There are 2 protein chains.
Amino acid sequence: MAAAATRQHIVEAADRLFYERGFEATAFADIAAATGLSRGNFYYHFKAKDEILDAVITLRLERIRLLLAGWLAAADIPVERIRSFIAMLIGNRAEIMLYGCPVGTLCAELAKLDHIASSRASELFTLFREWLAGQFSLLGRAADADALAMHLLMRSQGVATLAAAFRDEAFIRREVEAMSLWLESLSPAAPLPPET
Amino acid sequence: MAAAATRQHIVEAADRLFYERGFEATAFADIAAATGLSRGNFYYHFKAKDEILDAVITLRLERIRLLLAGWLAAADIPVERIRSFIAMLIGNRAEIMLYGCPVGTLCAELAKLDHIASSRASELFTLFREWLAGQFSLLGRAADADALAMHLLMRSQGVATLAAAFRDEAFIRREVEAMSLWLESLSPAAPLPPET
DNA sequence: GTCTATACGAAGATAGAC
DNA sequence: GTCTATCTTCGTATAGAC
């Protein structure tokens with residue numbers, strides 16, 4: 001198998017496992033079992049476990065960029081695009097109820113570990129943040145676009161955390177509906193904070 | 001030193017470390033360093049690390065009960081009491097920006113570990129949930145009290161997660177202000193969802 | 001490139017002295 | 001009750017055969 005393909009295979013398995021079990025709790029033996037490769041082989045492709053984490057973050061950054069580009073292309077109006085973001089909570093609800101949000105939980109774990117990749121993981125949030133802010137700007141809310149983006153990100157994170165803690169799908173649906181209504185209620189003229 | 005006092009000492013050190021570093025990442029050596037005790041001594045007080053975790057959850061449950069009882073006693077009207085909950089984000093902002101919410105991050109870690117104490121950790125959320133729901137009921141919102149409680153919990157969790165990821169105090173203050181306004185806007189007659 | 005075998009250290013847990 | 005010493009397991013990482 002070509003080196004690049006094997007490497008990709010490892011990174012994708014690690015991506016899944018880091019999400020489901022966490023970074024520290026995932027052992028090379030787990031990745032070996034998932035890929036069918038031997039532990040020793042990993043060191044041909046990566047110098048250390050941290051390097052796999054780095055590759056996983058790079059993979060996620062790239063996938064998020066593609067996701068955002070897709071939402072951008074799929075709809076012409078900003079509200080529709082933002083709705084794609086909100087709909088993600090429904091689309092991924094099964095996994096969210098089991099493992100929370102892959103971005104939020106990774107950032108939380110790395111922050112506690114005081115891990116060197118911590119700031120890089122936060123960039124995963126930044127991608128969503130800036131994309132959402134861009135859409136809110138197009139919506140005529142340039143002045144508070146970033147605050148609105150952070151507000152929506154905040155709600156999605158809160159939903160993911162509680163949905164996982166309580167394994168509650170009805171809660172997700174209810175809050176997604178509330179987010180949609182909040183989005184509808186936004187108008188170019190409306191001032192901050194969002195709820196007024 | 002009396003057994004009970006030493007035990008308490010260990011549990012309190014573990015409580016701090018589990019918050020700052022996470023459960024798995026905290027080694028007995030860390031607790032030993034924090035308490036000044038030897039590693040071997042822990043096994044006189046606890047059969048295993050999981051038993052320390054259990055004791056930490058018990059401690060947190062008790063502290064939250066006291067906190068909630070305090071908020072109850074400190075104010076006569078429900079809105080004021082709920083404000084105490086919201087104010088917690090400001091009061092604990094320094095630690096939240098470093099380590100997130102102690103309840104949310106513990107639940108997230110244990111869920112990924114598929115740890116036996118996972119459901120017990122969720123009870124930490126349940127305490128807040130039921131207390132908040134009680135206050136919303138007193139506010140005349142008995143019909144959707146639990147949904148309102150979950151909504152507020154959700155926002156606090158989202159704020160904690162993003163505040164930690166971006167180390168952003170201004171964001172906390174802004175969202176706390178928005179939560180306060182949302183709370184003000186609630187009236188006995190207003191229907192669900194919260195924002196309408 | 002991928003494997004097996006192994007070194008090395010960290011961490012949980014145990015035994016027994018004091 | 002608390003300690004030191006030690007066992008054991010596990011996980012990262014390395015060495016070297018194929």
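Convention: sequence-line order gives letters A, B, ...; per-chain numbering from 1. This one's a predicted model, so the numbers in the text were calculated from it and none came from an experiment. Worth knowing before you read on, the calculation uses all heavy atoms, side chains too, and leaves out hydrogens, waters and symmetry mates.
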**Request:** Find the distance F46(A):CZ to dT2(C):C1' and express it as a whole number of Å.
**Result:** 15 Å
**Asked** Given atom OH of Y44(A) and atom C1' of dG1(C), what is their separation to the nearest angstrom?
**Response** 6 Å
**Prompt:** When every nucleotide of nucleotides 11-18 of chain C is labelled 5' to 3' by its protein contacts under 4.0 Å (heavy atoms), B for base, S for sugar-phosphate only, - for none, what sequence of letters results?
**Reply:** SSBB----
**Complete:** Separation of dA13(D) atom C1' from I31(A) atom CD1, nearest Å, is 14 Å
**Request:** Scan residues 27-42 of chain A for pairs that pass side-chain hydrogen bond (donor to acceptor under 3.5 Å, both in side chains), counting only residues two or more places apart or in two chains.
**Result:** R21(A)-D30(A)
**Asked** How close or far is atom C1' of dT2(C) from atom CZ of R7(A), stated in whole angstroms?
**Response** 17 Å
**Asked** Between dG1(D), dT2(D), dG1(C), which one does the side chain of T6(B) approach most closely?
**Response** dT2(D)
**Prompt:** Are the charged groups of R16(A) and E20(A) less than 4.0 angstrom apart, N to O?
**Reply:** yes
**Request:** Look at the side chain of S38(B) and decide which nucleotide, out of dT4(D), dG1(C), dT2(C), has an atom nearest to it.
**Result:** dT4(D)
**Prompt:** Rounded to the Å, how far apart are R21(A) CZ and dG11(D) P?
**Reply:** 10 Å
**Message:** So that I can tick it off, tell me whether E177(A) and R173(A) are bridged by a salt bridge, with the cut-off set at under 4.0 angstrom between side-chain N and carboxylate O.
**Reply:** no
**Message:** Whole angstroms only, please: what is the CZ-P distance between F42(A) and dT2(C)?
**Reply:** 11 Å
**Item:** Set of side-chain contact (heavy atoms from CB on, under 4.5 Å) partners for E184(A), sequence neighbours left out
**Value:** R83(A)
**Asked** Is the closest side-chain donor-acceptor distance between R120(B) and T58(B) under 3.5 Å?
**Response** yes
**cation_pi(R7(A), F42(A)) dist<6.0 Å, angle<=45** = no
**Prompt:** Could you give the CD-to-C1' distance, from E51(A) to dA13(D), as a whole number of Å?
**Reply:** 13 Å
**Item:** Spacing between H9(A) atom NE2 and dT2(C) atom P, to the nearest angstrom
**Value:** 11 Å
